[in-house]
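Structure, as structure tokens:
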Amino acid sequence: MAGHSKWANIKHRKGRQDAVRSKQFTRAAKEIIIAAKVSGDIANNPRLRSAIAAAKAVNLPKDKIENAIKKGTGELAGGDIHEITYEGYGPGGVAILIEVASDNKNRIVAEMRHTLNKGNGNMGEAGSVAWMFDNKGQIIIKKDAVSEEQVMDIGLEAGAEDIIEETEDWDIRCEPTDMEAVRTAFEEAGIAIESAEMAKIPQNTIELDAEGAKKMLRLIDLLEENDDVQNVFTNMDVSDEVMAELNAE
């Protein structure tokens, strides 16, 4: 559930570590392939640098990183991947943006429509919900890795717009053009970064009760089980009380 770090620790979403690792590898490699389509020159391709950093964060092997770059530049076969964003609604009227990277547009649109319907949601027209989200750079740092004073000083000095305190993380947001500078500032300060990626941040959120949250989380799980899905963004919100209730189950 990229873009919503505080939901990452719900117990009923754990227990699938092998599947999660495989998904992380697939997603990281595809992002590198897409980024390398512009240029394989790491020094002059910020998106590729970010993609490689994200791949290293999930321990994608070096040879797989190198092969993904070559696929993107056309040196190896397998780089015919398209970026597509689908829009829709989930239970409770929650807006959903689904970013996919697929080599088969006809297949993936059918799969996304089927999955949304299965999860009590529905596909929307292009532009139906995208306007509800802002494109931001998002950096997640564990709270035990940096003090509040440090995260504020380093982040704001480097160009961060907003620093949000979550239960276990610092959620640092910035304009996409400032992403590289903010990420580099923390790295140069020796602070470990949990993740750094472009995210769709909702302008307004819809708060869900426990039942609604369960349904949305099930739908997100169904979507993320598809290997072509890179990111799922929603405008749902869950209170700490509901989070505690979900964690207790």
Side-chain angles (χ1 to χ4, degrees), residues 1-9 24 27-60 65 68-69 72 83 85 95 97-99 101 129-205 230-237:
M1 294 172 65
H4 305 283
S5 63
K6 74 175 181 178
W7 302 330
N9 297 313
Q24 287 175 332
R27 179 182 175 222
K30 283 187 174 181
E31 175 61 20
I32 291 172
I33 291 170
I34 292 167
K37 286 177 179 289
V38 176
S39 168
D41 182 358
I42 299 171
N44 294 306
N45 187 338
R47 181 174 179 179
L48 181 56
R49 284 200 302 276
S50 293
I52 291 172
K56 289 179 177 178
V58 298
N59 298 311
L60 184 68
I65 292 175
I69 293 172
E83 280 187 288
T85 299
L97 284 180
I98 309 159
E99 293 181 343
V129 304
W131 61 272
M132 303 180 190
F133 296 81
D134 293 323
N135 192 33
K136 298 289 182 182
Q138 183 179 47
I139 296 170
I140 303 297
I141 297 176
K142 289 294 184 185
K143 287 174 72 173
D144 58 11
V146 60
S147 69
E148 181 176 3
E149 183 178 2
Q150 279 182 301
V151 77
M152 293 291 181
D153 287 347
I154 296 171
L156 296 176
E157 177 68 24
E161 287 184 333
D162 201 4
I163 298 173
I164 300 165
E165 182 177 3
E166 303 286 10
T167 304
E168 298 181 1
D169 308 315
W170 294 110
D171 180 347
I172 302 145
R173 299 175 183 178
C174 61
E175 286 297 319
T177 51
D178 294 326
M179 173 80 155
E180 184 73 10
V182 176
R183 182 178 64 81
T184 299
F186 282 106
E187 289 179 342
E188 290 181 346
I191 296 167
I193 293 174
E194 190 74 7
S195 67
E197 57 193 359
M198 294 302 169
K200 300 294 191 299
I201 305 297
Q203 297 168 4
N204 297 289
T205 58
Q230 294 289 89
N231 295 297
V232 178
F233 301 105
T234 80
N235 68 344
M236 86 177 206
D237 194 14

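Every residue was checked against the salt bridge (charged side-chain N to carboxylate O under 4.0 Å, His left out) condition with Glu194, not counting sequence neighbours, and none meets it. Checked against salt bridge (charged side-chain N to carboxylate O under 4.0 Å, His left out), Glu157 has no partners two or more places apart in sequence or in another chain. Residues passing the side-chain contact (heavy atoms from CB on, under 4.5 Å) test with Ala55 are Ala28, Ile32, Leu60, Ile65, sequence neighbours excluded.
In Lys143, the NZ atom is crowded: over 12 heavy atoms of neighbouring residues, nucleotides or ligands sit closer than 6.0 Å. More than 12 heavy atoms of other shown residues, nucleotides or ligands fall within 6.0 angstrom of atom CG in Asp41.
Note that the NZ atom of Lys37 and the CG atom of Asn45 stand 13.0 Å from one another [nearest 0.5 Å]. A distance of 13.0 Å separates CD in Glu99 from NZ in Lys30, rounded to the nearest 0.5 Å. For the atom pair CG (Asp169) and CD1 (Ile141), the distance works out to 9.5 Å, reported to the nearest 0.5 Å. Between the CZ atom of Arg49 and the CD1 atom of Ile52 there is a distance of 9.5 Å, given to the nearest 0.5 Å. Note that CD of Glu197 is 10.0 Å distant from OG of Ser50, once rounded to the nearest 0.5 Å. Taking CD1 of Ile139 as the reference point, atom CZ of Phe186 lies at 6.5 Å (rounded to 0.5 Å).
Looking at every heavy atom in both residues, Ile69 comes nearest to Ala36 through O-CB, 3.7 Å. Across all their heavy atoms, Gln230 and Arg27 have their closest contact at O-NE, 2.7 Å. Closest heavy-atom contact between Ser39 and Leu48: O-CD2, 3.6 Å. Here the closest heavy-atom approach between residue Val151 and residue Glu148 is recorded as CG1-O, 3.2 Å. Across Arg47 and Ala35, no two heavy atoms sit closer than the pair CG-CB, 3.7 Å. Listed here is the closest heavy atom pair of Gly137 and Met179: CA-SD, 3.6 Å.
A donor-acceptor pair is defined here as one N or O able to donate and one able to accept, closer than 3.5 Å; no such pair exists between the side chain of Asn235 and the backbone of Phe133. Arg173 places no side-chain N or O within 3.5 Å of a backbone atom of Glu161 that could act as its donor or acceptor partner. The backbone N or O of Ala185 sits nowhere less than 3.5 Å from a side-chain atom of Glu188 that would complete a donor-acceptor pair. Lys200 places no side-chain N or O within donor-acceptor distance of the main-chain N or O of Phe233, the cut-off being under 3.5 Å. When atom types are taken as modelled, the side chain of Asp134 and the backbone of Ile201 share no donor-acceptor pair closer than 3.5 angstrom. When atom types are taken as modelled, the side chain of Gln203 and the backbone of Trp131 share a donor-acceptor pair closer than 3.5 angstrom.
Between Lys56 and Glu187, no side-chain nitrogen of the basic residue sits less than 4.0 Å from a carboxylate oxygen of the acidic one, so the salt-bridge criterion is not met.
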- request: Show your working on side chain to side chain contact (heavy atoms under 4.5 Å, CB included) between Met198 and Gln138 and close with a plain yes or no.
  value: CA-CA 6 Å; Met198 294 302 169; Gln138 183 179 47; over 6 Å; no
- request: For the pair Leu97 and Val232, evaluate side chain to side chain contact (heavy atoms under 4.5 Å, CB included) and give the outcome as yes or no after the intermediate values.
  value: CA-CA 6 Å; Leu97 284 180; Val232 178; over 6 Å; no
field: Step-by-step side chain to side chain contact (heavy atoms under 4.5 Å, CB included) determination, Thr85 to Ile98
entry: CA-CA 5 Å; Thr85 299; Ile98 309 159; over 6 Å; no
- prompt: What's the verdict on side chain to side chain contact (heavy atoms under 4.5 Å, CB included) for Ile140 and Trp170, showing C-alpha distance, side-chain angles and the deciding distance?
  reply: CA-CA 6 Å; Ile140 303 297; Trp170 294 110; over 6 Å; no
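Taking the side chain as every heavy atom from C-beta outward, Met236 and Thr205 never approach each other to under 4.5 Å. Side-chain contact between Glu180 and Thr184: present, with at least one pair of heavy atoms (C-beta onward) separated by less than 4.5 Å. Inter-residue side-chain proximity for Asp171 and Ile163 is flagged as unmet; no heavy-atom pair is nearer than 4.5 Å.
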